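Have a look at the structure below, then the notes.
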Amino acid sequence: MSRSLRVLGIDPGLTRCGIGVVDVSPDRTASLVHVGVVRSAVSDPIEKRLATIAAGIRSVLATHGPHVVAVERVFAQNNRHSVMGTAQASGIALLLAAEHGIPAATHTPSEVKAAITGYGSADKLQVQTMVARVLRLEALPQPADAADALALALCHAWRGGAATPATSGALTPAQKAWRDAEKRQAPPAARVARTKVRTGA
């Protein structure tokens, strides 16, 4: 009997680290398990900030038991200080996956956008909108860091077979979600329930 794949997506950041857990079934439909953000105080020393991020991710790993972890791949940015914090948080996420014996993978922002929307240069609103439609949420997932984490998780779950439908004539998950949404023509409601990750004493 086949079972769903549970993926933990992590949008690494030192101030805000997005966390999203989804279950994806063999037919590639998906459901939301958990979404939140781990925050660290800018005023804290770097070692304490990294410990806070680590504690938040550990909590999610222990509570939700994902089968795989997907982390956004760090890429060059103009702001060296920002990319350094992102790289440090990314390293923490990958280390914790290894410590828990969970496979980990990294995906670039363009890979995620292409997998979720079918367009590698999609903007954040387009990604949020698609994530909400795929997961059948009543509103766009907020904040953006959390939406990015969910998109990472979906991207990883779909990526293995994402290219196949193009040759077979079948719809990709992104295309199917758009089609279903156009049929409904139902605008998102004002809110979506989400779980906040609390860390520290």
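Values reported hereafter were calculated over all heavy atoms of this structure, with side chains retained and with hydrogens, waters and symmetry mates removed. Treat the numbers as computed from the prediction; the structure is a model and nothing was measured.
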Output, in order, the C-alpha distance, side-chain angles, deciding distance and verdict of side chain to side chain contact (heavy atoms under 4.5 Å, CB included) for V83 and V74. CA-CA 7 Å; V83 75; V74 179; 3.6 Å; yes

Is there a donor-acceptor contact under 3.5 Å from the side chain of [X] to the main chain of [Y]?
X	Y	answer
T29	S25	no
T117	A122	no
S90	T86	no
W158	R28	yes

Considering the options V37, L150, I57, D11, which one meets the side chain to side chain contact (heavy atoms under 4.5 Å, CB included) requirement together with I19? I57

Qualifying residue for side chain to side chain contact (heavy atoms under 4.5 Å, CB included) with E72, from L152, I10, V112: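 Exactly one option meets the side chain to side chain contact (heavy atoms under 4.5 Å, CB included) with E72, and it is L152.
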
What's the separation between atom [atom1] in [X] and atom [atom2] in [Y], rounded to the nearest 0.5 Å?
X	Y	atom1	atom2	value
E99	R58	CD	CZ	6.0 Å
E47	Q88	CD	CD	11.0 Å
I102	L96	CD1	CG	9.5 Å
H64	H34	NE2	NE2	4.5 Å
L125	Q128	CG	CD	6.0 Å
H100	L61	NE2	CG	5.0 Å

With a 4.0 Å cut-off on N to O distance, would you call D145 and R16 a salt bridge? yes

Go through the steps for R49 and D44 under the test salt bridge (charged side-chain N to carboxylate O under 4.0 Å, His left out), then give the verdict. CA-CA 6 Å; R49 298 185 72 184; D44 285 345; over 6 Å; no

Taking a hydrophobic cluster as the set of Ile, Leu, Val, Met, Phe, Trp and Tyr residues connected by side-chain heavy atoms closer than 4.5 Å, whether directly or through intermediates, do I92 and I46 fall within one such cluster?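 Same cluster.
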
Short side-chain donor-acceptor distance under 3.5 Å, S31 and R136: no

Identify the heavy atoms of R6 and G65 that sit nearest to each other, and give their distance. CD-O, 4.0 Å

Any idea which heavy atoms bring G13 and I53 closest together, and the distance? O-CD1, 3.7 Å

All salt bridge (Lys or Arg N to Asp or Glu O under 4.0 Å) counterparts of K124, not counting sequence neighbours: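 K124 satisfies salt bridge (Lys or Arg N to Asp or Glu O under 4.0 Å) with D148 once adjacent residues are dropped.
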
